[in-house]
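Remember, it's 1-based here, ligands and their atoms both numbered in the order they're listed. Computed from a predicted structure; not experimentally measured. These values consider heavy atoms only, across backbone and side chains, with no hydrogens, waters or symmetry-generated copies.
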Amino acid sequence: MLASASDTATASAGPLVPAPFRLLAKRRETADTWTLELEPRHGTPLEFAPGQFTMISRGGCGEVPISISGDPDEPERLVQTVRAVGLATSALCEAEPGEVLSVRGPFGTAWPLEEAEGADVVIVAGGIGLPPLRGAVLRMLAQRERYGRLVLLYGGRAPDQLLFGEQIQQWREQGLEVLITVDSAGPEWIGHVGVVTRLIGRAGLDASRVLAMTCGPEVMMRFVVATLADTGVQSDRIHVSIERNMQCGIGVCGHCQLGPVLVCRDGPVFRYSEVERWMRVREL
Ligand SMILES: Cc1cc2nc3c(=O)[nH]c(=O)nc-3n(C[C@H](O)[C@H](O)[C@H](O)COP(=O)(O)OP(=O)(O)OC[C@H]3O[C@@H](n4cnc5c(N)ncnc54)[C@H](O)[C@@H]3O)c2cc1C
Ligand code: FES
């Protein structure tokens, strides 16, 4: 598609000015979660690193931070997986192909994929915490030889809440070890039942080789960190992605402050040892 002069101007206009992105396709993941595939109307691919997020909005329904769940090696498609929990996220999930959404970014820090080279990488995700890690999984599988074991431990509330079912099967075939658990399930579920931390013991980890990445509800991440520490993983080898309410996304408004850091600018991905004491502070 040809870019108009105003689209091109918007694309180069700085981090507070949104750029128009056309919704190409949407895929339902669960009852309340959709994956949106967008393309920039200005035609410039949105290069990003796995772990980064955009500030995205539809119409006047509010702008929200959403992680990029797409493949970092395919930046011409912006892929984001959104769970409808309120006004802005519901509006995004209701958008129809052809519509134009507003996007700023990408912003924030990335998963430490270079530091992870040679390590056994353990990814622990809870619920909607898997999309922010999806780009990291895709990149590591594309460069499989650079890593030791690649292990995904994934927990959801129920079987019908699990994301990316078919893709996870493909990832298994590409060399990702996957253990899945749900909080509760009917008799038709033959997998694990229980909290995701229980999978850590089942994974047979050599703590001295582990680099861990985790994303999910904060309480889950605290238990994940504690369980990894019990198995001997150092807190500076554990990386967490933190959520806080955001407005500017670029370290200006102070909304996302966590102790001395701004989550949008200094995170959302942090080495756990750097934010350990501040993660005990509840968001107001
Ligand atoms: C860096 C970052 C990455 C994120 N990535 C994703 C993603 O990939 N997919 C996705 O679906 N969501 C993601 N989120 C969460 C998403 O931004 C919130 O769900 C969204 O802001 C809610 O806005 P709303 O107007 O729809 O709902 P609101 O009406 O604002 O809130 C509805 C409910 O969600 C809770 N809530 C609102 N904002 C947050 C938040 N930031 N964290 C936790 N709970 C919140 C509220 O307390 C309330 O209970 C991310 C958040 C951050 C900070
Ligand atoms: S959202 Fe404004 S400083 Fe982080």
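In terms of polar-atom proximity, defined here as any N/O pair under 3.5 Å, M246 makes no such contact with ligand 1. Looking at A88 next to ligand 1, an N or O pair under 3.5 Å apart turns up. Checking only distances, T81 does come within under 3.5 Å of ligand 1, N or O to N or O. Residue G86 has at least one nitrogen or oxygen atom sitting less than 3.5 Å from a nitrogen or oxygen atom of ligand 1, judged on distance alone.
Counting only heavy atoms of the protein, atom 3 (S) of ligand 2 lies nearest to G254 N, 3.1 Å. Scanning the protein heavy atoms around atom 4 (Fe) of ligand 2, the nearest turns out to be C256 SG, 2.2 Å.
Of the heavy atoms in V263, none comes closer than 4.0 Å to ligand 1. Contact annotation for V263 and ligand 2: no heavy atom of the residue comes within less than 4.0 Å of the ligand.
Per-residue contacts place G251 under 4.0 angstrom from the following atoms of ligand 2 (heavy atoms of the residue considered): 3 (S). For ligand 2, the atoms sitting less than 4.0 Å from at least one non-hydrogen atom of C253 are 1 (S), 2 (Fe), 3 (S), numbered in the order shown with element in parentheses. Below 4.0 Å from some heavy atom of R244 lie the following atoms of ligand 1, by number and element: 41 (N), 53 (C).
Under the 4.0 Å criterion applied to side-chain N and carboxylate O atoms, E177 and R149 are assigned as salt-bridge partners.
A cation-pi arrangement is absent between R41 and F21 under the rule of less than 6.0 angstrom and at most 45 degrees off the ring axis.
None of the N, O or S atoms belonging to H255 lies under 2.8 Å away from atom 4 (Fe) of ligand 2.
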